[in-house]
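Okay, so here's the structure we're looking at.
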Amino acid sequence: MDYKFNEIEKKWQKFWAENGTNEVAIDKNKPKYYVLDMFPYPSGVGLHVGHPLGYIASDIFTRYKRLKGFNVLHPMGYDAFGLPAEQYAIQTGQHPAITTDQNTKRYREQLDNIGFAFDWSRQVRTCDPDFYKWTQWIFMQLFNAWYNNDTDKAESIDTLISRFKTSGSQGINAVCDEETKSFSADEWTAMSSEKQQKELLKYRLTYLSEAVVNWCPQLGTVLANDEVKDGFSERGGFPVEQKKMLQWSMRITAYADRLLKGLDTIDWPEPVKEMQRNWIGRSEGASVKFKLEADSDSEIEVFTTRLDTIFGATFLVLAPEHELVAKITTDGQKAEIDAYQVKTKAKSERDRMTDVKTVSGAFTGAYAINPMNGEKVPVWIADYVLAGYGTGAVMAVPSGDERDYRFAKHFDLPIIQILDTQNNLEAEADPTKEGHYVNSDFINGLTYKDALPVLVAKLEELSAGKAKINFRLRDSIFARQRYWGEPVPVYFNNGLPQLIEEKELPLLLPDVDKYLPTESGEPPLARAEGWKYHGEFEYELSTMPGWAGSSWYWYRYMDARNDNEFASREAIDYWNDVDLYIGGSEHATGHLLYSRFWNKFLKDMGYVNEEEPFKKLINQGHIQGRSNFVYRVIGTNQFVSYGLKSQYGIQVLHVDVNIVQNDILDIDKFRKFLPEYADAEFILEDGKYHCGHEVEKMSKSKYNVVNPDDIIEQYGADTLRMYEMFLGPLEQSKPWNTNGISGVSNFLRKFWNLFFDEKGNFNVSDVTPEKAELKSLHKIIQKVQEDVERFSFNTSVSSFMICVNELTALKCNKRAILQDLVITLSPYAPHITEELWSLLGNEKGSLLKASYPVFKPEYLVEDSFEYPVSINGKVRMKLNLSLTLEPAEVEKVVLESADVQKHLDGKSPKKVIVVKGRIVNVVI
RNA sequence: GCUCUGGUGGUGGAACUGGUAGACACGCAGGACUUAAAAUCCUGUGACCCUUACAGGUCGUGCGGGUUCGAUUCCCGCCCGGAGUACCA
């Protein structure tokens, strides 16, 4: 019987779906394991061959763990709110929900074709009201919470209110807005409820604030940072302005420290952790206040990580946008400062970042007083100081900082040496911390380590500042002026945001006539007719950003159909957290950071158990496109093969990779590929047309997109699964190249043939297996176990090939061997193994409930070993010796052997190293 | 610039804690089957030298050093590729 993969695969996919084979339920008798894939955005183009790479790996892991006795949760769903569907809606008027439905259906078909063991009964889609109901609910919890620095966790806003009632704002150590009021308990009680609400908004973990957004007037919408390229919209190329808008934000900065520390407790790839560390950007230093010479009531606060260099500070620099600039600028300098500010505004953010070399700035005319020595220093503005970082002001120490140095040289400002080890200050700054201080008043002669505490103490004594830890992390804006997202469950009463009632959830996304902003620039939701809270109050018109739903979805899978809670206590206590999370590293500072933030918040509020949501993370590499090219002789319809192209004037054209195999063009298919090629002629090399190739992004326009459905049609899903793994290590990026796929396909056929005789009859014997057969089997049992547990899937595919080659050579058709091999292979190739499993007489669909075979090392024990014998580290010969021989005996035999004697040439060896069962090295 | 990665045959890649470099597969070459081709099967395949053959030798894991009986693996310095990030004070 031939291996008819198409029939077999369809048959078992149907069986699994009809019998709910892959559905799981809480089972307290088994240990749980949670394997999660980052859920996809269902785009209109469908899956290409690169998307399933991670899913295949996680599927193998899931099936393996099930065989090992774990109860494995392995769900899938869709991150279904997003821009492409909305953009399509704008163009066509088609409701994004319809597009999304179509796309998810298509994705589902494609995923099903690959034979994944997902529990589809738990599917979630972030755009479904019964899902986003809970996204809104979490938003409400955040609104009703504040962050208490004393307990270092979020608490209900009620605890804050009751403290306000009893003792006012005194002793409150919260993460909050800058300008909070101080008030007594009486003052609080005397406040109008409106005033109280306003005050509380400054503490809530989600709050309204003025924030700068990328506004594109032509598109009439706000764009995310990655949709803006060089100051223009990526789509359409329209100019983008910075605009201040009242926006919802999330106080993620409250968790900065915990997000940083938590990284040390999780098993994630180092690059991702590093990216998060940089993103959070913790730096230790001090804030220092410089009083203004002209007005000693005003001061400029700077942040520095080098307080020790303060005696070398010869000027201050403010960001051009700094709020004090207008106030301190002298009349004489006003024109210059204004001009500079205008110039800065005109520069795009990107220009400001890339053009690092050009020094520019302007003097405000004002002076400030260095609190340490009373020296007066000029105050400048310059665009190398960023308004958004630290306090937007720096003390410039040209001798120690390269940028300050360039600035000082350019504007001829003084440069003071502060450490005796600093050298070459005529040419460049020297940021050293070595040596002893000079020109530094009371720290002269001290080292860095000794000086720092002295300076901090002095600073506090003068109340001119304090040691401070600064973070780069900013609160994240939590609103988009878009249609296709979760509505924010808030309405406005007298301009004050109010939550809707919990029982009114979900707040459904209303229908609109068009998916564009209104004439007056309000978000699309403003178009919804009669959409008012209780028919009276204006709803929030922004929707939530793309990362809202993905910041908690893994909990929903635990109890996806629950109408009363986001997940039941029982489900959360059982499934707890994600043991293995597989996805791309592009989410390092977005999704993966927000998820950790929400998870910590939910933990603080007692809804979940773990501080960290994803114990282990693996980044699968990307599958890149591999394009093929043909070479047309200019002005003709002749195509010249790759090796001969240099002899002609040619034009390079992409050709569909699906009509090229091993870089050889299928000429007949090529003639049909495009009408203009129907009469193409060819200049061949050894009778074949060789194509050129290059690695590029997989994209339609490059004709290098490979659809998994096509591969499955031609080779089968099991081959696709194994081939994607065979391609190389999971974490590595690699171009898709079908050059080797026939090897995997051959392997599966060879495997199949083990079970059939020459006439094609199923033929498995019950004879007791030979030692060699058992050895083959147990080698693979051990190897797959080791490989899967270290996520080295490519190496087990090779080992399967070796095993089947060995068993084929042994003509092994013994049940005792083959049945265990079927189980071992089943995570990789579930369809063929399920078929053979049932042919072996097992109950249909019971393969997943089988147990992984127990590895017995005794089958691998050898009584002899072929020792490689090296002379001076070079292998010269091999000697087959009994493994019972002790090193001394091995040495004796080796030295007596004729070959070694020849090399010794009468001399006696300097040294002989014998590693039992490994190697012998004779040093002469 | 900084951080993280990686560099092994014609190609994808093996080599788990220092112990036979190149497993497995593709490709290529030769052969078998076939009227022929495809498919399939068998053999060979790191480079170079030597040899009729058997065999043997030299060089080889980006480059240069080091540690070691022994280094793709460990240490130091450099070169190149990929990813991330950046006037972060």
Side-chain angles (χ1 to χ4, degrees), chain A residues 269-275 277-279 281-283 285 302-307 309 313 316-317 319 352-359 382-386 388-397 400-404 406-407 431 470-472 585-586 588-589 619 621-622 624 662-664 693 695 723 726-729 731-735 737-747 749 783 786-787 789-790 792 794-805 866-878 909-915 917-924:
Chain A
E270 199 47 47
V272 174
K273 288 196 194 182
E274 200 58 30
M275 272 186 251
R277 282 189 196 107
N278 291 338
W279 193 260
R282 182 189 141 104
S283 61
V302 303
F303 176 74
T304 178
T305 52
R306 290 296 301 273
L307 182 60
T309 64
L316 299 189
V317 187
R352 240 176 109 169
M353 284 192 287
T354 40
D355 185 17
V356 176
K357 287 274 136 31
T358 326
V359 178
D383 63 8
Y384 82 85
V385 176
L386 304 177
Y389 183 77
T391 59
V394 303
M395 61 175 212
V397 183
D401 183 278
E402 193 201 327
R403 294 152 304 171
D404 296 345
R406 271 203 306 268
F407 196 83
N470 194 47
F471 291 94
R472 198 182 81 105
S585 59
E586 64 273 22
T589 51
N619 294 131
H622 284 155
Q624 298 145 302
N662 288 337
D663 293 334
I664 306 295
H693 62 88
V695 174
Y723 185 60
F726 187 61
L727 232 35
E731 295 93 332
Q732 211 167 292
S733 285
K734 53 233 154 186
N737 185 345
T738 43
N739 286 358
I741 199 167
S742 59
V744 174
S745 158
N746 283 346
F747 155 75
R749 224 181 22 249
K783 181 76 168 129
E786 281 173 6
D787 284 352
E789 272 161 27
R790 63 191 171 107
S792 174
N794 56 325
T795 49
S796 16
V797 178
S798 302
S799 306
F800 278 122
M801 290 174 173
I802 295 169
C803 176
V804 166
N805 287 346
E866 188 163 62
Y867 278 94
V869 178
S870 33
I871 309 291
N872 290 336
K874 276 204 176 95
V875 179
R876 295 294 170 177
M877 71 208 75
K878 289 181 182 164
K910 276 196 198 135
K911 199 173 181 182
V912 180
I913 288 108
V914 179
V915 182
R918 282 255 150 148
I919 201 170
V920 179
N921 190 11
V922 181
V923 184
I924 300 177

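So that the names make sense, note that chain A is the first sequence line, chain B the second, and so on, each numbered from 1.
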In whole Å, measure the gap between the C1' atoms of B:C79 and B:G64 for me.
10 Å

Taking the same atom, C1', in B:G82 and in B:C75, what whole-Å distance lies between them?
25 Å

Above 12 or not: heavy atoms from other molecules or residues under 6.0 Å from CZ of A:Arg277?
yes

How would nucleotides 14-28 of chain B be written as a contact map, 5' to 3', with B for base contact, S for sugar-phosphate-only contact and - for no contact, using protein heavy atoms under 4.0 Å?
SS---BB--BBSSS-

Taking atom P in both B:A47 and B:U61, compute the distance separating them and give it to the nearest angstrom.
15 Å

Strand partner of B:U67, provided both Watson-Crick or wobble distances fall under 3.5 Å:
none

Watson-Crick or G-U counterpart of B:A21, or none if no pair lies under 3.5 Å
none

When both hydrogen-bonding distances must be under 3.5 Å and the geometry is Watson-Crick or G-U wobble, what is B:G56 paired with, if anything?
B:C49

Using atom CD of A:Glu274 as one end and atom C1' of B:C4 as the other, report the distance to the nearest whole Å.
7 Å

Is B:G6 paired to anything, Watson-Crick or G-U wobble with both distances less than 3.5 Å, and if yes, which nucleotide?
B:C80

Min side-chain heavy-atom separation A:Thr795-A:Glu786 under 4.5 Å:
no

May I ask you to evaluate whether A:Arg282 reaches the phosphate of B:C88, defined as a side-chain N or O under 4.0 Å from OP1 or OP2?
no

Just how far, in rounded Å, is P of B:U68 from NZ of A:Lys911?
10 Å

A:Asp383 CG - B:C88 P separation (whole Å)
13 Å

Distance between C1' atoms of B:C63 and B:C4 (Å, rounded)
22 Å

For B:U85, which nucleotide in any strand shown is its Watson-Crick or wobble partner with both distances under 3.5 Å?
B:G1

Report the distance from atom NZ of A:Lys910 to atom P of B:G70, rounded to the nearest whole Å.
10 Å

Under 4.5 Å between any side-chain heavy atoms of A:Arg403 and A:Val359, yes or no?
no

Over how many whole Å does the gap from A:Asn872 atom CG to B:U68 atom C1' extend?
13 Å

To the nearest Å, give me how far apart CZ (A:Phe800) and P (B:G13) are.
21 Å

Does A:Arg749 or A:Arg876 map to a spot on RNA chain B nearer the 5' end, using the closest nucleotide for each?
A:Arg749

Using atom P of each nucleotide, how far apart are B:U8 and B:A15 to the nearest Å?
15 Å

Mind checking the P distance from B:A71 to B:G13? Whole angstroms is fine.
27 Å

Now, which nucleotide makes the Watson-Crick or G-U wobble pair with B:G44, with each of the two distances under 3.5 Å?
B:C28

Any side-chain N or O of A:Lys734 below 4.0 angstrom from OP1/OP2 of B:G12?
no

N/O donor-acceptor pair under 3.5 Å between A:Ser870 side chain and A:Arg876 backbone:
no

Output yes when a side-chain donor or acceptor of A:Arg306 lies under 3.5 Å from a complementary backbone atom of A:Pro431, and no otherwise.
yes

Roughly how many Å apart are B:C26 and B:A21, using the P atom of each and rounding to a whole number?
25 Å

For B:A38, the Watson-Crick or wobble partner whose two distances fall under 3.5 Å
none

Let's go through A:Arg406 and A:Glu402 carefully: what are the C-alpha distance in whole Å and the side-chain angles of both, what is the deciding distance for salt bridge (charged side-chain N to carboxylate O under 4.0 Å, His left out) to 0.1 Å, and is it a yes or a no?
CA-CA 6 Å; A:Arg406 271 203 306 268; A:Glu402 193 201 327; 3.0 Å; yes

With under 30° as parallel and over 60° as perpendicular, where do the rings of A:Tyr389 and A:Phe303 fit, or are they tilted in between?
perpendicular

Taking B:C69, B:A89, B:C87 as options, the one with an atom nearest any side-chain atom of A:Val923 is B:C69

What is the distance, to the nearest angstrom, from the CD atom on A:Glu402 to the C1' atom on B:A86?
13 Å

Is the base of B:G44 syn or anti, if syn means a glycosidic angle within 90° of 0?
anti

Between B:G66 and B:U85, how far apart are the C1' atoms? Round to whole Å, please.
34 Å

Is it true that a side-chain atom of A:Tyr867 and a backbone atom of A:Lys878 form a donor plus acceptor pair closer than 3.5 Å?
no

Check: A:Asn470 side chain, A:Ser283 main-chain N or O, donor-acceptor pair, under 3.5 Å
no

Rounded to the nearest Å, what distance is computed from the CG atom of residue A:Asn619 to the P atom of nucleotide B:A83?
15 Å

